[in-house]
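Note sheet for the following structure.
Numbering of residues begins at 1 and proceeds along the displayed sequence.
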Amino acid sequence: MEESEESNMKLGDIYKNKENNSIIQIDSFATPMGRFCEEKIIIVFQQIERHNEFEIGSCPSFNGYGTQEEIETEYELLVPQEDLINYSNWDEIFQL
């Protein structure tokens, strides 16, 4: 499943927190216990962080999730998945 049927969020989309500018990337879509079409889709995201001056990444232990509405309340789309080819590294995205 590449894209949620009830949302326009796509795997790889990058969002910026409206208050503190933290960055998340849409990682996957899920339903409770795999109950497809029975439950509201949950969107799983990675928190992208600068670990030091050379490393940027995420830690799977700190992935987050929410509905599209919950995420869009706190985050705004920064880079759509289809535009990622315009960036050569995370530094360019962090500069946005």
Side-chain angles (χ1 to χ4, degrees):
M1 174 182 220
E2 183 167 314
E3 188 175 322
S4 162
E5 288 92 19
E6 61 182 50
S7 78
N8 55 355
M9 290 183 162
K10 297 177 294 303
L11 294 177
D13 281 351
I14 298 173
Y15 284 76
K16 176 182 80 162
N17 187 284
K18 294 175 183 177
E19 292 183 18
N20 65 20
N21 292 330
S22 64
I23 294 176
I24 63 170
Q25 185 172 34
I26 304 303
D27 188 55
S28 61
F29 302 102
T31 56
M33 298 300 294
R35 293 186 183 103
F36 302 108
C37 302
E38 295 176 26
E39 304 278 341
K40 192 168 193 113
I41 291 177
I42 300 297
I43 299 162
V44 179
F45 58 84
Q46 314 174 50
Q47 185 77 37
I48 307 298
E49 305 174 329
R50 183 177 296 280
H51 299 296
N52 58 45
E53 66 181 283
F54 303 109
E55 295 180 15
I56 296 173
S58 67
C59 179
S61 299
F62 297 109
N63 281 354
Y65 68 91
T67 63
Q68 177 177 348
E69 296 80 21
E70 291 171 327
I71 293 170
E72 289 178 341
T73 297
E74 295 185 34
Y75 293 85
E76 61 189 0
L77 183 62
L78 182 63
V79 180
Q81 171 266 330
E82 57 272 9
D83 291 348
L84 288 175
I85 61 170
N86 298 326
Y87 301 91
S88 59
N89 58 48
W90 279 106
D91 284 324
E92 292 180 11
I93 293 172
F94 269 86
Q95 290 175 9
L96 297 175

### Query
So, for Leu11 and Ser28, which heavy atoms are closest and what is the spacing to 0.1 Å?
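That would be CD2-CA, 3.5 Å.
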### Task
Work out which heavy atom in Tyr65 is nearest to a heavy atom in Phe45; give both atom names and the distance.
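Between these two residues, the closest heavy atoms are N-CE2, 3.5 Å.
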### Query
Going only through I, L, V, M, F, W and Y residues with side-chain contacts under 4.5 Å, is there a path from Tyr15 to Ile41?
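Per the 4.5 Å side-chain linkage, Tyr15 and Ile41 are co-clustered.
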Could you check if a side-chain atom of [X] sits within less than 4.5 angstrom of a side-chain atom of [Y], using non-hydrogen atoms only?
{"X": "Thr73", "Y": "Lys18", "answer": "no"}
{"X": "Ile14", "Y": "Ile48", "answer": "no"}
{"X": "Ile43", "Y": "Phe29", "answer": "yes"}
{"X": "Gln25", "Y": "Trp90", "answer": "yes"}

### Query
How many angstroms lie between atom CD of Gln46 and atom CG of Asn63, to the nearest 0.5 angstrom?
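Reported to 0.5 Å precision, the distance equals 6.0 Å.
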#### Entry: Spatial distance of atom CG (Leu77) from atom CD1 (Ile71) [nearest 0.5 Å]
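Rounded to the nearest 0.5 Å, the CG-CD1 separation comes to 11.5 Å.
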### Message
Check whether Asp13 reaches the backbone of Lys10 with its side chain - one donor and one acceptor, N or O, closer than 3.5 Å.
### Response
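Between the backbone of Lys10 and the side chain of Asp13 there is a qualifying donor-acceptor contact (under 3.5 Å).
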### Query
What residues form a side chain to side chain contact (heavy atoms under 4.5 Å, CB included) with Glu19, not counting sequence neighbours?
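Checked Glu19 against side chain to side chain contact (heavy atoms under 4.5 Å, CB included); matches are Asn17.
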### Task
Just jot down the side chain to side chain contact (heavy atoms under 4.5 Å, CB included) partners of Tyr87, sequence neighbours excluded, or say none.
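Scan of Tyr87 (side chain to side chain contact (heavy atoms under 4.5 Å, CB included), adjacent residues dropped) gives Val79, Glu92, Ile93, Leu96.
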#### Entry: Steps toward side chain to side chain contact (heavy atoms under 4.5 Å, CB included) verdict (Gln68, Asn8)
CA-CA 9 Å; Gln68 177 177 348; Asn8 55 355; 3.3 Å; yes
### Query
Take atom CZ in Phe94; do more than 12 heavy atoms of anything else shown fall under 6.0 Å from it?
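Yes, CZ of Phe94 has more than 12 neighbouring heavy atoms, counting only those of other groups under 6.0 Å.
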